[in-house]
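The shown structure was predicted, so the numbers you read here are calculated from the model rather than taken from an experiment.
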Amino acid sequence: MSLPFRPKQSLGQNFLHDPNIVRKIADLLAAPPDAHVVEVGAGTGALTAELAARYDRLTAIEIDARAVEVLRRALPDLDVRQEDVLETPWATLAEAKGGPLHVASNMPYYLTSPLLFALLDARAVVAEAVLMMQKEVAERIVAAPRTKAYGILSVVLQLYAAPQWGFTVSRNVFTPRPDVTSAVVRFD
């Protein structure tokens, strides 16, 4: 896959390029057609384009100015915000958009825990989240009590968010190819 710019390792950039995986992520969102969807870490727009085709009310959050430029050129009507997602005012965004948010993300994996806890803090305005993460983290999140994988992450997220296993994602569907297998989890 040809990329419009060189991925930055410091931003944990591994761009998804498989249209089947993109569709499967979008299919996991239970958002109605008029819902407000927020994509975190939109990158070069593989998932963004699919979400934009399904939802008129889509906001893309991306920290990399190069990716923001690519998104704005490809999807000129899209609400693209260049910001650090960990500083996103979720309640303010939900109020501005007129209702609860539905979040989708193929986020850099170093952001997994901070983003999960930010979304938990904003659970009053976040209806659901469909997030890709490292497979081992996903397994811990959905682990059953009294199993080796069950721990504090399992307890907290199962208490507040009802995580459900989505599917496993091969490392071969990314550019550059990461060193880990991924998985998608849906949170209510």
(request) Following the transitive rule for hydrophobic clusters with a side-chain heavy-atom cut-off under 4.5 Å over Ile, Leu, Val, Met, Phe, Trp and Tyr, establish whether Leu159 and Tyr150 coincide in one cluster. (result)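 No, Leu159 does not connect to Tyr150 through the hydrophobic network.
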(request) Answer yes or no: are there more than 12 heavy-atom neighbours, outside Asp179 itself, under 6.0 Å from its atom CG? (result)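 It does not: Asp179 CG has 12 such atoms or fewer within range.
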What's the spacing between [X] [atom1] and [Y] [atom2] if we round to 0.5 Å?
| X | Y | atom1 | atom2 | answer |
| --- | --- | --- | --- | --- |
| Asp188 | Gln164 | CG | CD | 5.5 Å |
| Lys97 | Thr59 | NZ | OG1 | 4.0 Å |
| Leu58 | Leu78 | CG | CG | 5.0 Å |
| Ile21 | Asp27 | CD1 | CG | 11.0 Å |
| Glu128 | Leu119 | CD | CG | 11.5 Å |

(request) Verify side-chain contact (heavy atoms from CB on, under 4.5 Å) between Val184 and Leu28, making sure each step is shown before the conclusion. (result) CA-CA 9 Å; Val184 177; Leu28 278 180; 3.6 Å; yes
(request) Report the residues that fulfil side chain to side chain contact (heavy atoms under 4.5 Å, CB included) with Ala49, sequence neighbours left out, ordered by chain and then residue number. (result)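 Result, side chain to side chain contact (heavy atoms under 4.5 Å, CB included) vs Ala49: none returned.
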(request) Looking only at non-hydrogen atoms, find the nearest pair between Asp84 and Leu86 and report the distance. (result)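 Smallest interatomic distance, heavy atoms only, reads OD1-N, 2.9 Å.
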Quiz: residues 131-146 side-chain donor-acceptor pairs under 3.5 angstrom, not counting sequence neighbours:
| from | atom 1 | to | atom 2 | distance (Å) |
| --- | --- | --- | --- | --- |
| Gln134 | NE2 | Glu136 | OE1 | 3.2 |

(request) Evaluate side-chain hydrogen bond (donor to acceptor under 3.5 Å, both in side chains) for Thr88 paired with Glu83, printing each intermediate quantity in order. (result) CA-CA 7 Å; Thr88 297; Glu83 63 186 49; 2.7 Å; yes
(message) Go through it in stages, so that I can follow the logic: the residues are Ile25 and Phe167, the test is side-chain contact (heavy atoms from CB on, under 4.5 Å), and I'd like the CA-CA distance, side-chain angles, deciding distance and then a yes or no.
(response) CA-CA 9 Å; Ile25 294 169; Phe167 54 92; 3.8 Å; yes
